[in-house]
Amino acid sequence: MSSSFDPSLSTSGMRPPLTTADAPSMADSLPSINFGFEDLRNRMAQFSMQFDAFIERGRKQVLEERNQFRINLAELQEDQRMKQKDIEILNLKSQTHEQTLQKEAAEAAEMHAAISSITLERDARLVKRDRLRQQIAETQKSISQRLDAQKAHARNLDAQTRLNVPELDFWQDYLCLRIEGAGREDRLKFIYSHLLEKDWEAEAWFELGTASRDYEVYHTRPKLEREALEQELDILNEDRDFGAFLKRMRKLFVEALK
């Protein structure tokens, strides 16, 4: 509910009556109040100084922390670089080690292959050595048997020679024959002369091989028919009558010269 303004209620109506200049002031009657402005000013100044000091300490701390952060960051970066370098070195060593392992594996494989080859070659040589030893033993046995046979044959020839010396002398004189060596130990050369009445100087000869039990004729001059020669040798090897053989050979040469 609204009310109307009453001028009588304004402050002007409550104003005391005007006083004279000599009358005491109303302010003089008020109690004195001390607001402490100086103390407040001093406290504000101290606060400002403390705040500035706080700000300065904070700024220094921030700078120190930032510098320390940069130092730590640089150290971390250096550590990271060193670690990266160590990693690269380790990778290089790992690659080198891997290559070394591969090389050693290849060399080991080559050595195993060489050992296998040498082993096979050794086994082959051992087999060859055993075979050669067996062949040498067989050859020595064969040689011993041949030597024994030759010694026995030589003994027989020696005995026969001692028995046939007078007979050979007789046939040499009777057949106009002389005996010479033929350039080898197992061959004798029999040379006939006085084969033709009109040419007593004409000669004929043959080479007789005595290396084995059966005699063999190698060369003749003049050349005789092989069939007739083989027939005479068969007779000699069968009856062992050497004198009769020399007589028949002289007859073959006479027929060949005629």
Selection residues 46-59 - residue pairs positive for side chain to side chain donor-acceptor pair (under 3.5 Å), sequence neighbours left out: Glu56-Arg59
Verify same cluster id: Ile235, Leu229 (apolar side-chain graph, 4.5 Å): no
Atom pair CD (Gln231) and CZ (Arg248), whose distance is rounded to the nearest 0.5 Å: 9.0 Å
Beyond-backbone contact of Val254 with Tyr192, side-chain heavy atoms, under 4.5 angstrom: no
Minimal non-hydrogen separation, Cys176 against Arg250, with atom names: CB-NH1, 4.0 Å
Qualifying residues under side chain to side chain donor-acceptor pair (under 3.5 Å), relative to Asn72, sequence neighbours excluded: Gln68
Salt bridge (Lys or Arg N to Asp or Glu O under 4.0 Å) pairs, two or more places apart, involving residues 66-83: Glu78-Arg81
Pairs meeting criterion salt bridge (Lys or Arg N to Asp or Glu O under 4.0 Å) with involvement of residues 100-122, two or more places apart: Glu121-Arg125
Residues which pass side-chain contact (heavy atoms from CB on, under 4.5 Å) with Leu73, listed by chain and number, not counting sequence neighbours: Phe69, Gln77
Student check: side-chain heavy atoms of Glu232 and Val217 closer than 4.5 Å: no
Nearest-0.5 Å distance that lies between atom CZ in Arg133 and atom OG1 in Thr139: 15.0 Å
Straight-line distance of Leu175 CG to His194 NE2, nearest 0.5 Å: 13.0 Å
Rounded distance (nearest 0.5 Å) linking atom CE of Met82 with atom CD1 of Ile89: 7.5 Å
Closest heavy-atom pair and its distance - Leu224, Leu252: CD2-O, 3.9 Å
Over 12 foreign heavy atoms within 6.0 Å of CD, Glu225: no
Side chain to side chain donor-acceptor pair (under 3.5 Å) pairs, two or more places apart, involving residues 196-207: Arg178-Glu203
Co-membership, hydrophobic cluster, residues Ile179 and Tyr174, 4.5 Å side-chain: yes
Verdict with supporting geometry, Gln140 and Ile143, side chain to side chain contact (heavy atoms under 4.5 Å, CB included): CA-CA 5 Å; Gln140 289 177 345; Ile143 291 173; 5.5 Å; no
Any residue meeting side-chain contact (heavy atoms from CB on, under 4.5 Å) with Leu236, in chain and number order, not counting sequence neighbours: Tyr215, Phe242, Phe245
Parallel, tilted or perpendicular: rings of Phe51 and Phe54 (30°, 60°): tilted
Interatomic distance, Lys141 atom NZ to Ile136 atom CD1 [nearest 0.5 angstrom]: 16.0 Å
Any residue meeting side-chain contact (heavy atoms from CB on, under 4.5 Å) with Glu216, in chain and number order, not counting sequence neighbours: Tyr218
Shared-cluster residues of Val62, by chain and number - hydrophobic side chains joined below 4.5 Å: none
Point-to-point distance, once rounded to the nearest 0.5 Å, from CG of Asp186 to CG of Leu208: 10.0 Å
Any pair counted as salt bridge (Lys or Arg N to Asp or Glu O under 4.0 Å), so long as it reaches residues 37-50, sequence neighbours left out: Glu38-Arg41
Sequence neighbours excluded, every pair satisfying side chain to side chain donor-acceptor pair (under 3.5 Å) that has a member inside residues 86-98: none
Residues forming a side chain to side chain donor-acceptor pair (under 3.5 Å) with Glu64, sequence neighbours excluded: none
Over 12 non-hydrogen atoms of neighbours within 6.0 angstrom of CD in Gln135: yes
